[in-house]
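In this text, all values refer to a predicted model and were calculated from it rather than measured experimentally. Quick note: numbers below take in every heavy atom, side chains included, and nothing from hydrogens, waters or symmetry partners. As the structure lists them, so they are numbered: ligands from 1, and atoms in each ligand from 1.
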Amino acid sequence: SALERPAEVDWFQYKLKHVDVTSKARRGEFVTPHGVVQTPAFMPVGTQGTVKGLEIGLVHQTGAEMILGNTYHLSLRPGDDIVAELGGLHKFMGWHGPILTDSGGFQIFSLAQMRKVTEKEAIFQSHIDGRKIHLSPERSIEIQENLGSDIAMVLDHVVELPNETKVIREAMNRSIRWAKRCQDAATRKDQAQFAIVQGGLDEGLRVECAQRLTELEFPGYAIGGLSVGEPPPEMYRILDATCPALPTNKPRYLMGVGRPEDLLEGIRRGVDLFDCVMPTRNGRNALAFTDEGTVRVRNAKYQRDSTPLDPKSVPQVAGLSRAYFRHLFMAKEMLGPILLSLHNVAYYQRLMREARQAIEEDRFEAYYEQKMAGWSSGG
Ligand SMILES: CNc1nc2cc(C(=O)NN)ccc2[nH]1
């Protein structure tokens with residue numbers, strides 16, 4: 001209702017609240033029509049209108065404030081027209097907080113078969129039934145407006161790495177032209193578009209791309225085309241070059257990242273927002289994140305281990321033994337993937353809460369050192 005929705009005038013204004021004196025870590029917040037997002041923040045991925053394995057109330061319990069939906073998947077099934085007819089994605093999945101939808105650019109590169117990219121659009125075959133799909137900047141925005149997300153990502157041309165500089169530059173230039181076309185295609189005032197910086201692992205291209213997209217004055221900026229197999233230090237090198245080239249009064253979103261250590265490495269370089277399938281995908285595959293590193297709960301050494309997986313986890317998990325988790329996965333019980341996905345998403349949210357607190361108290365570097373030491377301790 002109007003009572004709960006923040007005033008329109010505040011929508012999508014990023015407020016930089018504090019910069020940690022020991023690093024480039026930022027504490028901020030931004031307002032969307034479905035609520036405020038405290039940053040740094042991690043978005044659980046809800047690809048097909050569900051954060052896999054988690055009833056939506058559990059997603060809320062973890063402390064997540066914004067979730068991600070995939071344009072490519074939802075447009076194929078059930079269809080963005082059907083979601084629109086049923087009141088939009090918030091109502092469809094029962095999540096009434098902020099939603100960010102990606103544009104499909106990454107799925108073209110990572111998922112679809114027989115793809116062809118022209119100046120007009122990307123053409124590819126559905127991975128569900130092989131149907132030919134045309135995805136243009138205009139169509140991507142139309143889908144995201146049908147879904148009714150609060151933040152829509154522009155459609156960009158993601159190319160695989162490593163690649164020739166000429167190919168990366170041409171894809172980057174096309175992505176900038178497509179970003180403008182997305183801006184021109186917008187019809188909803190209650191949806192903001194974030195631009196996406198591309199440019200491969202070339203610092204010069206990344207800075208040029210960031211500058212040219214900044215001139216188009218988007219409310220937020222993503223750094224895309226990373227975490228696609230490059231060594232982590234290469235990703236950090238690109239962040240070192242790209243973050244300073246982006247406006248300080250707009251959110252910075254690192255797409256598809258990452259492991260807990262990648263989140264802290266991103267935050268200390270000035271990144272505000274993350275999304276990644278790792279907490280849920282690894283949860284389904286019996287891998288738990290803890291302050292002492294990852295725990296493969298199927299490992300035989302846990303067969304008689306009465307110790308809790310993580311005493312600081314959510315109540316549903318904190319009292320259960322490692323032996324019980326091993327049993328659930330060995331017995332292929334559904335509860336295994338469900339509880340470990342819940343634990344991992346809650347772990348990522350606790351990490352973000354601790355990071356926000358550390359930035360406010362100007363001790364982020366010390367917090368970073370302490371977490372890195374714990375993760376490499378092999379607990
Ligand atoms: C898991 N790695 C990973 N890299 C990504 C890059 C993009 C991107 O550039 N979209 N335009 C999106 C999601 C990603 N996930």
Does N173 have any side chain to side chain donor-acceptor pair (under 3.5 Å) partners at least two apart in sequence or in another chain, and if so, which? R212
Any idea which residues sit under 4.0 Å from ligand 1, heavy-atom distances? F106, D156, V158, I196, Q198, G224, G225, L226, S227, V228, M255, G256
State yes or no: are the ring centers of F329 and Y302 separated by less than 6.0 Å? no
Taking the six-membered ring where the residue is Trp, are the ring centres of H73 and H127 under 6.0 Å apart? yes
Test salt bridge (charged side-chain N to carboxylate O under 4.0 Å, His left out) on D305 and R326; report intermediate values, then the result. CA-CA 9 Å; D305 186 338; R326 180 175 185 276; over 6 Å; no
Would you say that more than 12 heavy atoms from the other residues, nucleotides or ligands in this model lie under 6.0 Å from the CZ of R77, or not? no
Any donor and acceptor pair, going by atom type alone, linking the side chain of W375 with main-chain N or O of T294 inside 3.5 Å? no
